Each structure stands twice: as C-alpha cells, then as structure tokens.
Amino acid sequence: MRLGYHIVLLIFLAVLLNKSIYILGYSGHAYVILDSLAKLNVKVLGYFDFEPCNSFDNFYDLEYKGNEKLVDLNFIDDSSYVFPSIGDNYIRIKLVQFIEENKLAQTNIIDPQAIVSNRAIIESSVYVAPGAIINSRALIKKGSIINSGATIEHECVIGEFSHIAPNSVLTGNVIIGKNTLVGANAVITPGVTIGNNVIIGAGSVVTKDIPDNSKWVGNPLRML
C-alpha cells in the first residue's frame, strides 16, 4: 500500500515516541541529519565510525559506539533505528547493505521544513533535507538524499543511492538512475532520463538523456 507523506510522517513520529536512532558515520552530512533529528525530538543514542572523532568535531556530544563491523551489535534492540549518515553514494550503499544484512531497523528522516506531497512515495533510509520540495507522484528510492532546497517535481523518479544536491531542480517526469549525483544548482528539464553512475556537475543544465557511467558539466552541457 502506498501511503501519502503526511500519513507516513504521522506514523513515523508516533513510532519514534518509543524509538531512537544510531547513526553510521559522523561528519559533515551527519551534522545536517542531526539538526533534523533535533527538530523532530528524536534521541540519538550514539554513532558508529572507524574511530572516535575529536572533542571539537563532536559538536553534538554523541557517544562513540565503535566500528560497526568490529563490535557486537546485539545491544541494538528493536526499539532503535540505524541510519546511514554519509553523503558519498557508494559508501552509503555499503552502509545500507550492512544494515540489511544485520537485520537492523531502517527509517526515513524527513526534515520538518521540507515540503513533501502526500502523493509522493519515499522508500527506506532516505534523507530529505530542510527546504527540499517533493511534489505529487514522485518516487524517491532507497538510500537516496534530497538535499537542502532541492526541487523534485511531479512524477520524477530518483534511483537508489542517488544524491540530489542543494538547490538543484528536477522538472516534471525526470528519471534519475542508481548511484547518480546531480550537482548543486543543476537544472534537469522535463522528461529527461539520466542513467546509473552519472555525475552532473554543479550549475549544469541538462536538456537531453544522459547514458550510464558518464560525467557531464556546464551550460551548454558537455561530457568530460
């Protein structure tokens, strides 16, 4: 059943009254996520990373729980979620695979300052940042990031583990493949399909379909 955003958000908030979150990764992108969690009054129990950060970088005063691959995760019970807090698409793929393999609970984080249609569909481990707009019948697939101020217009599809960077604009019926980065302030015109493993540079204007495994920049657009 495809639930609208407002229903999903109400369920999300109701569940989180009795749940809390651990984050995987604790650096720049995680700081934005932690701000969203603070607005939602969600308790963060700690972070996993290769090593503990220094006291200056531990701005949110979180407890270090170790390297997730080296510690016993049995202390994480069904009352807690685990969320991938890394901006890099390929690292985020590995983190979500780790979460799934260990049967840990997943959730979405949707900042209260985002605007999301009740006809949009958002899959698991997705982060929607402040000021983002997701309009009717858009589909945001697993592990993706819709970053600050990005606009996802009607009937767009964002593939798994893609990143739509700040202030980028996807007009209607745009399809983005897996593991793709749309850079900050880029504009994708209506009906364009962008393939898997693509990088669209910041400020680019895309008016044509883009093949898999390629990098494009500029206006007019050119391939690197």
Side-chain angles (χ1 to χ4, degrees), residues 8-9 11-114 122-130 132 140-148 150 158-166 178-181 197:
V8 171
L9 182 59
I11 294 172
F12 172 67
L13 293 174
V15 169
L16 283 180
L17 290 175
N18 299 312
K19 291 207 174 190
S20 48
I21 282 182
Y22 296 93
I23 60 170
L24 296 178
Y26 188 19
S27 57
H29 181 62
Y31 302 154
V32 184
I33 289 173
L34 289 166
D35 274 355
S36 295
L37 291 172
K39 295 174 195 174
L40 293 164
N41 294 314
V42 175
K43 184 176 183 180
V44 181
L45 296 177
Y47 71 98
F48 295 90
D49 214 327
F50 292 119
E51 58 186 22
C53 64
N54 60 49
S55 58
F56 177 80
D57 289 331
N58 190 4
F59 185 76
Y60 294 84
D61 195 28
L62 299 183
E63 182 178 353
Y64 179 58
K65 295 296 184 178
N67 183 331
E68 67 274 10
K69 295 183 179 179
L70 301 178
V71 300
D72 185 350
L73 297 173
N74 287 328
F75 70 89
I76 302 178
D77 57 27
D78 292 339
S79 66
S80 300
Y81 295 109
V82 178
F83 193 83
S85 300
I86 296 292
D88 181 276
N89 290 343
Y90 290 96
I91 296 176
R92 204 163 60 257
I93 290 171
K94 294 179 180 179
L95 292 179
V96 173
Q97 287 174 344
F98 176 85
I99 291 169
E100 292 175 342
E101 288 167 358
N102 286 277
K103 297 181 173 56
L104 302 172
Q106 296 185 67
T107 188
N108 297 319
I109 299 174
I110 301 172
D111 190 279
Q113 292 175 308
I122 300 176
E123 296 184 351
S124 59
S125 291
V126 168
Y127 176 59
V128 182
I140 315 300
K141 293 190 176 182
K142 178 173 68 176
S144 289
I145 297 169
I146 311 302
N147 222 322
S148 306
I158 310 302
E160 294 181 355
F161 305 105
S162 286
H163 185 168
I164 311 303
K178 298 179 181 179
N179 317 327
T180 286
L181 170 65
N197 309 309

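All residue numbers refer to positions in the sequence shown, counting from 1. These figures come from a predicted structure and were not determined experimentally.
Residues Val82 and Glu68 form no side-chain contact, since every pair of their non-hydrogen atoms from C-beta on lies 4.5 Å or further apart. Counting only heavy atoms from C-beta outward, the side chains of Ile23 and Leu62 approach each other to under 4.5 Å. Contact of the Phe98 side chain with the Phe48 side chain is not registered, since no non-hydrogen atoms from C-beta on lie closer than 4.5 Å. By the 4.5 Å heavy-atom criterion applied to side chains, Gln106 and Val96 are counted as neighbours. Put simply, the side chain of Pro112 reaches to within 4.5 Å of the side chain of Leu40, judged on heavy atoms. Inter-residue side-chain proximity for Lys142 and Glu100 is flagged as met; some heavy-atom pair is nearer than 4.5 Å. For the pair Asp35/Tyr60, a side-chain contact is recorded, criterion being any heavy-atom separation below 4.5 Å from C-beta on.
Minimum interatomic distance between His29 and Tyr127 (heavy atoms only, all atoms of both residues): CE1-CD2, 3.8 Å.
Judged by distance alone, the side chains of Tyr47 and Ser85 never bring a donor and an acceptor atom under 3.5 Å apart. In this structure, a donor-acceptor pair under 3.5 Å is present between the side chains of Asn179 and Asn197.
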Task: Pair Lys39-Asp111, side chain to side chain contact (heavy atoms under 4.5 Å, CB included): steps then yes or no - done: CA-CA 8 Å; Lys39 295 174 195 174; Asp111 190 279; 2.9 Å; yes
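At least one donor-acceptor pair closer than 3.5 Å links the side chain of Asn108 to the backbone N or O of Glu123. Ser80 contributes no side-chain N or O that, together with a main-chain N or O of Ile21, makes up a donor-acceptor pair within less than 3.5 Å. Remark: side-chain polar atoms of Ser36 are not paired, donor with acceptor, to backbone N or O of Leu34 under 3.5 angstrom.
Relative orientation of the Tyr26 and Tyr31 rings is perpendicular, given thresholds of 30° and 60° on the angle between their planes.
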